[in-house]
> 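Take this structure first; my questions come after.
Chain letters run A, B, ... following the sequence lines, proteins first, then strands; residues in each count from 1. Because only heavy atoms are used, hydrogens play no part in the values below, and waters and symmetry mates are left out as well, while side chains stay in.
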Amino acid sequence: MRELAELNESQFNAVTTIHGPVMIIAGPGSGKTRVLTYRIAYLIKNNVDPFRIMALTFTNKAAAEMRERISHIVGHEARNLYMGTFHSVFARILRAEAHRMGYPNNFTIYDPDDCKSVLKSIIKEEGLNDKLYKPATVFYRISSAKNSLIDAKKYAENIDLVSDDESSGRPKIKELFAKYQDRCFKSGAMDFDDLLLKMYELLTKFPDVLYKYQQRFTHILIDEFQDTNNAQYSIVKLFAGQHENVCVVGDDAQSIYAFRGATIENILNFERDYPDLKVFKLEQNYRSTEHIVSAANDIIKHNKAQLPKQIWTDNKGGEKIKVYKTASDTDEARIVANAIFDQKMRNHLMHSEFAILYRTNAQSRSFEEALRKLNIPYKIYGGLSFYQRKEVKDFISYLRVVVNPNDEEALKRIINYPVRGIGNTSIDRLIVTANEHDLPLWHVVEKPEIINDMQSRAKQLIRDFSIMIKSFRAMLAGKNAYEIAEYIGKQTGLIQDLYKDKTPEGISRFENIQELLNGIKEYTVGEQPEYEEDEVRPENDLAAYLQQISLLTDMDDSKDENKEKVKLMTIHAAKGLEFTSVFIVGLEENLFPSIMSMNTREDLEEERRLFYVAITRSKRFLTLSYALTRYKFGQLNYCEASRFIDEIAEENKTFFGQKEPQKPKAEQKSFFGDDENTKWYLSKQYQKKQIIEPSKPEITEPPKNLTKINTAAKAGASISSDLKDLEAGMHVIHEKFNQGKVISVEGGGENRIATIYFETVGNKKIMLKFAKLQIVE
DNA sequence: GATATGTTTTTTTTT
DNA sequence: AAAACATATC
């Protein structure tokens with residue numbers, strides 16, 4: 001295999017050591033993907049049947065790319081690899097074996113929205129306080145449990161978990177868990193976590209199944225091992241039990257999914273569980289320039305929990321990391337957009353070589369606007385995926401019900417969409433009846449006559465609906481996915497409805513459905529996976545299509561039209577990717593590191609690893625930015641620079657930006673207001689001056705604008721309406737004490753008292769009905 | 001039962 | 001600021 005000549009010594013060893021357990025610790029940009037692809041190709045060249053190789057990746061896109069690269073070396077055989085995400089590979093196996101667990105083999109995969117909707121119904125039926133029992137909170141508890149292989153029964157028996165719930169005032173979670181699981185089971189549905197939990201149950205409860213798959217998979221490979229959780233690790237250990245040819249690739253410094261149960265314990269346990277383990281370290285970075293690699297090392301050495309390793313590079317020189325201090329979130333966006341425009345021209349780059357990375361999805365909006373103003377094409381990844389949009393999900397719900405009518409969540413979505421006179425009252429009756437008889441909702445829809453207390457007209461409408469669904473189901477045998485979908489769109493009047501709506505949103509909805517139908521068509525004519533002789537195939541092509549899209553992420557999009565665009569995504573989503581020029585934005589305390597993760601050292605270290613991942617995405621240019629003011633929930637907040645900026649050594653970074661926050665007189669023009677200024681600040685002379693140190697925005701600074709002034713407070717001894725909303729964290733101006741920040745507010749009614757910290761006199765307690773206060777907006 | 005209007009909540013990260 | 005949610009009105 002001539003490709004082996006391209007590898008350095010440790011890469012070569014990592015590729016060619018194909019017997020026994022292997023762990024590859026791979027630093028960023030160290031050729032990890034290349035090692036994985038060559039290793040798989042090498043296995044195939046050494047007469048390992050691709051059907052015997054299971055390769056688990058983090059995204060479907062990573063799997064697809066790897067498969068493509070492997071097929072360049074070994075040819076079409078690559079299509080037979082069991083390669084994909086944990087969830088998609090396990091779903092494929094579960095589908096073949098589902099009947100053993102009492103699930104239909106065309107089971108539905110519930111997405112998190114479906115799950116929360118199920119929980120919401122249960123919480124409501126149980127008459128629990130929905131302020132305390134929020135679906136998202138309950139779902140998180142259930143999900144975390146499942147990722148530690150704890151089912152509803154074990155949960156109820158687990159003293160720690162139950163007492164946690166009791167002390168948080170939610171003792172009923174264990175019951176909700178059981179009810180939820182039961183409801184999903186009746187609907188023939190698994191959630192994402194079930195794909196792991198049920199996989200584990202399948203292998204542990206049925207020795208013959210375990211034996212079968214242990215025999216089948218002679219070689220197992222796992223990418224991004226640092227981000228696997230307890231459940232995933234346990235399952236892999238079972239699969240690998242026979243041959244023990246298991247190869248894991250990971251980097252503890254890039255572990256960023258602890259919140260989802262991932263643990264680097266897996267890396268440590270691996271050494272313990274496989275004493276024969278051979279470990280290879282890939283430490284040479286081929287991706288980034290020296291400044292970037294040094295900065296990454298600067299950052300990560302602030303973490304205590306690290307495996308020892310030293311990343312180094314031969315790529316000398318390169319530009320320093322630029323740090324922009326900007327006045328506001330909108331300013332930040334404009335400056336970044338201008339810088340992209342300028343950098344592209346100056347260095348002859350393509351738009352696709354740029355990425356803007358942020359901590360939270362909500363940050364994308366301002367960049368979207370700024371890029372649009374400069375006519376820079378962009379694509380936002382993550383956030384609401386295509387398949388989560390209402391109109392798309394409604395349409396897909398039809399397909400789901402056709403494949404699996406017991407899918408209650410889908411059924412509820414479409415039973416009166418488009419409107420067919422089955423209103424909320426009727427739906428509630430249906431659900432109540434289903435629960436009373438302990439039957440799936442669909443059974444009652446099929447036989448509305450068992451419902452008490454319903455008008456015959458309503459029953460007839462329900463009957464009509466069920467007849468329509470059955471007529472769709474009849475098509476499953478003879479028609480392909482596209483034919484069925486198209487027929488449903490026409491028959492239900494759904495396409496017609498959307499077509500009639502000529503509002504901009506309506507047009508976009510119509511286009512989305514067209515796109516969905518095109519996607520289904522592509523799938524239908526596209527290459528279908530091969531199956532082994534003894535393997536259970538999906539019942540039909542619509543079911544196979546649904547399985548595929550239910551596990552697709554937004555990152556998996558590979559449309560040509562997105563190839564030439566600036567990419568916007570969260571840092572989590574950027575894992576495993578690389579770009580010539582990277583902008584990491586919103587580097588502010590409480591945003592990055594997130595305010596949610598400043599409580600424990602472990603959480604903070606994960607944020608730091610996240611920053612490490614972000615930095616190391618960059619090949620040549622790296623730009624960091626932060627804003628001094630930022631809107632959150634429509635409220636202005638003052639921000640200070642992230643500690644992470646300080647952790648980069650001075651010799652690797654250059655500061656740009658204003659010394660003081662914006663003065664009110666300059667409010668209409670920002671510091672880098674127009675193109676003239678943009679050129680100026682990017683010019684060589686300016687770059688040489690390292691003027692600015694990041695300085696905290698002090699609360700003595702003049703406020704940006706004082707649009708709303710609480711004059712009422714001066715008038716008399718009652719709390720003005722503006723001050724009624726006063727809460728901790730707000731900035732105010734006092735007649736005598738000047739600017740201050742609200743520490744806390746106590747008491748009620750006329751006697752509300754605020755504790756306010758004033759720069760001039762320190763903490764003061766002030767009765768609001770007498771306060772001469774203005775809220776700074 | 002559908003639509004208009006007001007109120008409350010949301011933001012960590014994702015397969 | 002926007003979306004989700006709840007309530008009022010036709």
> Base, sugar-phosphate, or nothing: which does Asn361(A) touch, judged by heavy atoms less than 4.0 Å apart?
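Sugar-phosphate only.
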> Checking all strands, does Lys575(A) fall into the base, sugar-phosphate, or nothing category for heavy-atom contacts under 4.0 angstrom?
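Since no nucleic acid heavy atom lies under 4.0 Å of Lys575(A), the category is nothing.
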> Under 4.0 Å, heavy atoms only, any strand: does Ser426(A) hit a base, just the sugar-phosphate, or nothing?
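Ser426(A): backbone/sugar contact only, no base atoms under 4.0 Å.
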> I'd like a list of close polar pairs between nucleotides 2-8 of chain B and the protein, N/O only, cut-off under 3.5 Å.
none

> Sort and list the pairs that fulfil side-chain hydrogen bond (donor to acceptor under 3.5 Å, both in side chains) and have at least one residue in residues 410-423 of chain A, not counting sequence neighbours.
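Of all non-adjacent pairs touching residues 410-423 of chain A, those that pass side-chain hydrogen bond (donor to acceptor under 3.5 Å, both in side chains) are Ser121(A)-Lys412(A), Asp394(A)-Arg413(A), Tyr398(A)-Arg420(A).
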> Would you check if Phe633(A) stacks with the base of dT9(B), given a 5.5 Å centroid limit and a 30° plane limit, both strict?
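Phe633(A) vs dT9(B): stacking no.
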> Within the pair Thr228(A) and dT15(B), is there a side-chain N or O less than 4.0 Å away from OP1 or OP2?
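The answer is no; no side-chain N or O of Thr228(A) sits under 4.0 Å from OP1 or OP2.
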> Once you apply a heavy-atom cut-off of 4.0 Å, does Thr425(A) come out as touching a base, just sugar-phosphate, or nothing?
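The residue Thr425(A) makes sugar-phosphate contact but no base contact.
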> Sequence neighbours left out, what passes side chain to side chain contact (heavy atoms under 4.5 Å, CB included) with Thr108(A)? Give chain and number order.
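Side chain to side chain contact (heavy atoms under 4.5 Å, CB included) list for Thr108(A), sorted by chain: Tyr110(A), Ala189(A), Arg400(A), Asn404(A), Asp407(A).
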> Let me know the distance between CG of Asp223(A) and P of dT15(B), rounded to the nearest Å.
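In whole Å, dT15(B) P and Asp223(A) CG are 14 Å from each other.
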> Starting at the 5' end of DNA chain B, which residue's closest nucleotide do you reach first, Ile595(A) or Ala458(A)?
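Residue closer to the 5' terminus by nearest nucleotide: Ala458(A).
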> Please list, chain by chain and in numerical order, all residues satisfying side chain to side chain contact (heavy atoms under 4.5 Å, CB included) with Lys131(A), sequence neighbours excluded.
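Here the qualifying residues are Asn129(A).
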> Taking only Watson-Crick and G-U wobble pairs with both distances under 3.5 Å, what dot-bracket line describes DNA chain C, where [ ] shows pairs that cross earlier ones and | shows pairs with another strand?
||||||||||
> Roughly how far apart, to the nearest Å, are dA6(C) and dT11(B) at atom P?
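Per the computed distance, 16 Å lies between those P atoms.
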> Describe the nucleic acid contact of Tyr257(A) in one word from base, sugar-phosphate, nothing, applying a heavy-atom distance below 4.0 Å.
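Here Tyr257(A) touches the backbone only, sparing every base.
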> Are any of Thr570(A)'s side-chain N or O atoms less than 4.0 Å away from OP1 or OP2 of dT14(B)?
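Looking at the OP1 and OP2 atoms of dT14(B), one of them is under 4.0 Å from a side-chain N or O of Thr570(A).
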> Got a sec, which residues hit ring pair (Phe, Tyr, Trp, His ring centres under 6.0 Å) with Phe58(A), two or more places apart in sequence or on another chain?
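Ring pair (Phe, Tyr, Trp, His ring centres under 6.0 Å) check on Phe58(A) returns Tyr257(A).
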> Show the distances under 3.5 angstrom between N or O atoms of the protein and N or O atoms of nucleotides 2-10 of chain C.
none

> More 5' along DNA chain B: Pro112(A) or Met596(A), using each one's nearest nucleotide?
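The residue mapped nearer the 5' terminus is Met596(A).
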> What pairs with Asp252(A) under side chain to side chain contact (heavy atoms under 4.5 Å, CB included), at least two apart in sequence or on another chain?
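Here the qualifying residues are Ile264(A), Ile267(A), Gln306(A), Leu307(A), Lys309(A).
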> The criterion is side chain to side chain contact (heavy atoms under 4.5 Å, CB included); which residues satisfy it with Ser426(A), sequence neighbours excluded?
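Ser426(A) satisfies side chain to side chain contact (heavy atoms under 4.5 Å, CB included) with Ile422(A), Met454(A), Ala458(A) only.
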> Answer whether the closest heavy-atom distance between the side chains of Thr326(A) and Leu628(A) falls below 4.5 Å.
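Heavy-atom side-chain distance check fails, nothing below 4.5 Å.
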> What residues form a side-chain hydrogen bond (donor to acceptor under 3.5 Å, both in side chains) with Tyr233(A), not counting sequence neighbours?
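If we apply the side-chain hydrogen bond (donor to acceptor under 3.5 Å, both in side chains) test to Tyr233(A), skipping adjacent residues, the hits are Asp273(A).
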> The criterion is side-chain hydrogen bond (donor to acceptor under 3.5 Å, both in side chains); which residues satisfy it with Asp329(A), sequence neighbours excluded?
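Scan of Asp329(A) (side-chain hydrogen bond (donor to acceptor under 3.5 Å, both in side chains), adjacent residues dropped) gives none.
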> With salt bridge (charged side-chain N to carboxylate O under 4.0 Å, His left out) as the rule and sequence neighbours excluded, what pairs involving residues 584-603 of chain A come up?
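Of all non-adjacent pairs touching residues 584-603 of chain A, those that pass salt bridge (charged side-chain N to carboxylate O under 4.0 Å, His left out) are Glu588(A)-Arg630(A), Glu589(A)-Arg643(A), Arg601(A)-Glu605(A).
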> Do the side-chain N and O atoms of Gln254(A) and Arg609(A) include a donor-acceptor pair separated by under 3.5 angstrom?
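Side chains of Gln254(A) and Arg609(A): no pair found under 3.5 Å.
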> For the base of dT15(B) and the side-chain ring of Phe58(A), does the geometry meet a stacking cutoff of under 5.5 Å between centres and under 30° between planes?
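Given the distance and angle limits, no, they do not stack.
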> Are side-chain N/O atoms of Thr360(A) and Gln363(A) paired as donor and acceptor at under 3.5 Å?
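A pair is found: one side chain offers a donor N or O, the other an acceptor, under 3.5 Å apart.
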